[in-house]
Amino acid sequence: MITVNQALDQLFALADLLPVETVPLRAAAGRVLAEPVTANRTQPPFAASSMDGYALKGVEADLHAQFKVVGESAAGSRWDGTLKPGQAVRIFTGAPVPEGADKIVIQEDVTRSGDMISITDDPGPKDNIRPAGVDFEKGMVLDAPRRLSPGDVALLASMNIPQVPVRSAPVVALISTGDELVVPGETPGPDQIIASNTYGLAAMLEGMGAIPRILPIARDTIPSLTAVLELAQGADLIVTIGGASVGDHDLVAQVAGDLGMERSFYKVAMRPGKPLMAGRLNGTPMVGLPGNPVSAMVCGTVFVEPMLAAMQGLGHTLTPRQSMPLGADLAANGPREHYMRAIIENGAVRDAGAQDSSLLTVLARSNALIVHPPNDAQRSAGDMVDVITLS
Ligand code: AMP
Ligand code: MG
């Protein structure tokens, strides 16, 4: 059996870099920026007021000083003149600061009578001016690769970039296998259950900028599995779920092999998720996840997410881990790396209770996985452990 890191190396070798495409900014969130983008404007393009108030000369801004209001500068329409001593311009947030002014006295510090104002509260030292280019200058570069956050999208909009070069979204074929499965909303027979894994994984993959395609459930027969695997053609990644152990009804390896899959590995020294397989099926990378729902989701987090990131040009990196103190004792571990469902609360992490890999309720109340190394000794509250946070 290979280790998790060895398995990841083999998965990265399967993860082909996707091509670059240009998408409208509105479709860019969550996608991976493929090329650096350069600002061809400066923001703000002029010195702008950060408050509603009066623009005047800072040296004159003494308590009880009086000014004549000679005009108004609003966001979108500036006052064009040059301010002279003793003059002030009514100004609003985001409006250009007039020539000759270098301070905005906020309206709360001023009393107005007709076109005269006097400073009636100490205006303090702040000038309340955003200099031109304080956010970014023309020529500023947003580096690639990076997964575009909502904040990045706002920045690109502000840079006046309407089209964005991104890696194309990986299309992932998701295949549940099993005679016992029906899709949510169907009426299951007495010996049937609802297919949950494809739905959980689809949600996870969408969060990774992928396009999941849930294919029809494959029955535990060679013709059915063959037919569904053939439907997966054209995907950038094929993910099967279940049927990967060595039981009489576990046919995924056999059928994929008959269709020509070159296998990279089978079985990883981890809990949950030992019966993980991967390879290339007619050129397309394929990962066979274990069927138990929590195993499938944990393997999605540990293996499929980094693989998708690699395909989108983000390099070969593990799902992020952070070090955190245990909030409760942790029993010694066996020979397989254990990804324990866990709860982070008040800066400490503890296991979430029963770790059976069929328990979706435990997964749903967890917000993290403790990564418990192979053969690790018993740990006490306060000891540091590695944690993967779940969103
Ligand atoms: P298998 O690997 O096919 O033996 O499946 C292991 C366990 O996971 C069995 O209890 C299956 O019923 C269950 N299982 C397999 N696939 C799914 C799925 N898509 N959704 C929910 N449970 C599943
Ligand atoms: Mg099965």
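Numbering of ligands and ligand atoms starts at 1, following listing order. Because only heavy atoms are used, hydrogens play no part in the values below, and waters and symmetry mates are left out as well, while side chains stay in. This is a predicted model, so every value here is computed, not measured.
- At a 4.0 Å heavy-atom cut-off, ligand 1 touches Ile193 through the side chain alone.
- For Asp220, the heavy-atom gap to ligand 1 stays at 4.0 angstrom or more.
- Atom CD of Gln322 sits in a crowded spot, with more than 12 heavy atoms from other residues, nucleotides or ligands closer than 6.0 Å.
- Nearest to atom 18 (C) of ligand 1 by heavy-atom distance, out of Val252, Leu251, Asn197, is Asn197.
- Checked by atom type, the side-chain pair Thr319/Thr301 shows no donor-acceptor distance below 3.5 Å.
- What sits closest to atom 4 (O) of ligand 1 on the protein, heavy atoms only, is Asp250 OD1, 3.7 Å.
- When the heavy-atom distances from atom 5 (O) of ligand 1 to Ser176, Ala195, Ser358, Gly291 are ranked, the shortest goes to Gly291.
- The side-chain tip of Arg271 does not point at the ring of Tyr339 from less than 6.0 angstrom away and within 45° of straight on.
- Using a 4.0 angstrom heavy-atom cutoff, Gly243 counts as in contact with ligand 1.
- Asn292 N, 3.8 Å is the protein heavy atom nearest to atom 6 (C) of ligand 1.
- In the vicinity of Glu180, heavy-atom distances shorter than 4.0 Å reach the ligand 1 atoms 11 (C), 12 (O).
- Side-chain atoms of Thr93 and Asp52 form a donor-acceptor pair, as typed in the model, at a separation below 3.5 Å.
- With Ser49 as reference, Ile104 is the one residue of Ile129, Val89, Ile104 to meet the side chain to side chain contact (heavy atoms under 4.5 Å, CB included) rule.
- There is no side-chain donor-acceptor pair under 3.5 Å between Gln312 and Arg31.
- A donor-acceptor contact under 3.5 angstrom links the side chains of Ser358 and Asp356, judged on distance only.
- Contact analysis puts Ser196 in contact with ligand 1, with a non-hydrogen atom separation below 4.0 angstrom.
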